[in-house]
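Here's the structure we're looking at; comments come further down.
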Amino acid sequence: MPINATEAYDDGNIFARILRGEIPSTRVYEDEQTLAINDINPLAPTHILVIPKGAYVSWDDFSARGSDEEIAAFVRAVGKIAREAGLVESGYRLLANAGLNAGQEVPHLHVHIFAGRPLGPMLAR
Ligand code: AMP
């Protein structure tokens, strides 16, 4: 079910549980502030989820409450993961769903990295 991102952060969400090590995941990158895992239901040959370790629901929540250090670390991590995965030359897409109209399912901020094939138009018309 898509979530209403105006709800308060729920620390029982699946990414919070992965961050606490309660649920297994395929980690592709980790540093002090950020975890990246392979999506369990990939929509492209490369489908990575980049997750800040702080308790933020969405991009707007993170940008309002996150520290400059957390935000810089997250933005740098997204680019580093794309570079280290070898995606720069062929290209990739970033996507962050927020709230109901975007169909956000997991109420912990995450950026999808899609790559590995031509990804088609940005949105279905
Ligand atoms: P969103 O709709 O942007 O909230 O995307 C949530 C994403 O999380 C979907 O692409 C799911 O396939 C993915 N997902 C859900 N549970 C897991 C999990 N346990 N491990 C990895 N990815 C997951």
Side-chain angles (χ1 to χ4, degrees):
M1 276 288 285
I3 60 118
N4 179 344
T6 59
E7 288 168 11
Y9 184 81
D10 163 18
D11 72 1
N13 77 73
I14 195 113
F15 295 163
R17 299 185 64 199
I18 285 173
L19 287 166
R20 291 196 295 267
E22 295 168 7
I23 292 180
S25 63
T26 310
R27 298 181 182 223
V28 300
Y29 174 84
E30 183 162 15
D31 64 26
E32 237 174 69
Q33 311 266 18
T34 309
L35 175 69
I37 63 175
N38 283 322
D39 197 291
I40 204 167
N41 184 22
L43 298 173
T46 298
H47 186 171
I48 297 169
L49 302 171
V50 190
I51 304 167
K53 290 188 175 177
Y56 302 103
V57 178
S58 62
W59 195 273
D60 51 280
D61 183 28
F62 188 45
S63 67
R65 295 194 300 111
S67 68
D68 289 355
E69 189 195 341
E70 286 176 298
I71 291 169
F74 186 66
V75 172
R76 288 192 189 283
V78 171
K80 186 172 185 192
I81 292 159
R83 289 193 301 275
E84 288 183 352
L87 307 179
V88 172
E89 196 177 328
S90 52
Y92 60 96
R93 179 172 292 161
L94 303 180
L95 179 101
N97 289 315
L100 286 173
N101 276 354
Q104 183 180 4
E105 288 179 358
V106 180
H108 182 118
L109 172 62
H110 51 284
V111 168
H112 298 254
I113 302 179
F114 300 108
R117 64 168 170 79
L119 294 166
M122 267 198 294
L123 288 177
R125 289 197 182 271

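Bear in mind the structure is a predicted one, so any value in this text is a computation, not a measurement. Counting starts at 1 for both ligands and their atoms, following the listed order.
Between H112 and F114, the ring planes are parallel. Angles under 30° get that label, and only those over 60° would be called perpendicular.
Set against the non-hydrogen atoms of G103, the atoms of ligand 1 under 4.0 Å away are 2 (O). When each atom of ligand 1 is checked for a heavy atom of N97 under 4.0 Å away, the hits are 1 (P), 2 (O), 3 (O). Which parts of ligand 1 touch L49 is read off a 4.0 Å heavy-atom cut-off, strictly below it: atoms 8 (O), 13 (C), 22 (N). Ligand 1 places these atoms under 4.0 Å from at least one heavy atom of N38: 21 (C). Shown in contact with N41 at under 4.0 Å from a heavy atom are these atoms of ligand 1, numbered in order with element: 12 (O).
Around the CD atom of E32, the shell of radius 6.0 Å holds no more than 12 heavy atoms that belong to other residues, nucleotides or ligands. In this structure, R93 places its CZ atom where more than 12 heavy-atom neighbours from other residues, nucleotides or ligands lie under 6.0 Å away.
Annotation: salt bridge (charged side-chain N to carboxylate O under 4.0 Å, His left out) contacts of R83 (sequence neighbours excluded): none. Under the rule for a salt bridge (charged side-chain N to carboxylate O under 4.0 Å, His left out), the partners of D61 that lie at least two apart in sequence or sit in another chain are R65.
A salt bridge does not link K53 to E70: none of the charged side-chain nitrogens sits closer than 4.0 Å to a carboxylate oxygen.
A ring-ring contact (aromatic ring centres under 6.0 Å, His included) with F74 holds for exactly one of Y29, F62, Y56; it is F62. In summary, of the residues considered (D39, V111, V78, I81), a side-chain contact (heavy atoms from CB on, under 4.5 Å) with I48 occurs for I81 alone.
Residue S25 places no heavy atom under 4.0 Å from ligand 1. At least one heavy atom of I18 sits less than 4.0 Å from an atom of ligand 1. Within the 4.0 Å heavy-atom cutoff, I23 does not count among the residues contacting ligand 1. For the pair T26 and ligand 1, no heavy-atom separation below 4.0 Å is found.
Looking from atom 8 (O) of ligand 1 to the surrounding protein, the closest heavy atom is F15 CZ, 3.4 Å. When hydrogens are left out, the protein atom nearest atom 21 (C) of ligand 1 is I40 N, 3.3 Å; that is the closest non-hydrogen contact. For atom 12 (O) of ligand 1, the closest non-hydrogen atom of the protein is D39 OD1, 2.5 Å. Among all protein heavy atoms, the one lying closest to atom 4 (O) of ligand 1 is E105 N, 2.8 Å. Looking only at heavy atoms of the protein, atom 5 (O) of ligand 1 is closest to H110 NE2, 3.2 Å.
Annotation for A98 and S58: closest pair CB-CB, 4.1 Å, computed over non-hydrogen atoms.
Here the side chain of H108 pairs no donor or acceptor atom with the backbone of D11 at under 3.5 angstrom.
For ligand 1, the polar-atom distance check finds an N/O of H112 within less than 3.5 Å of one of the ligand's N/O atoms.
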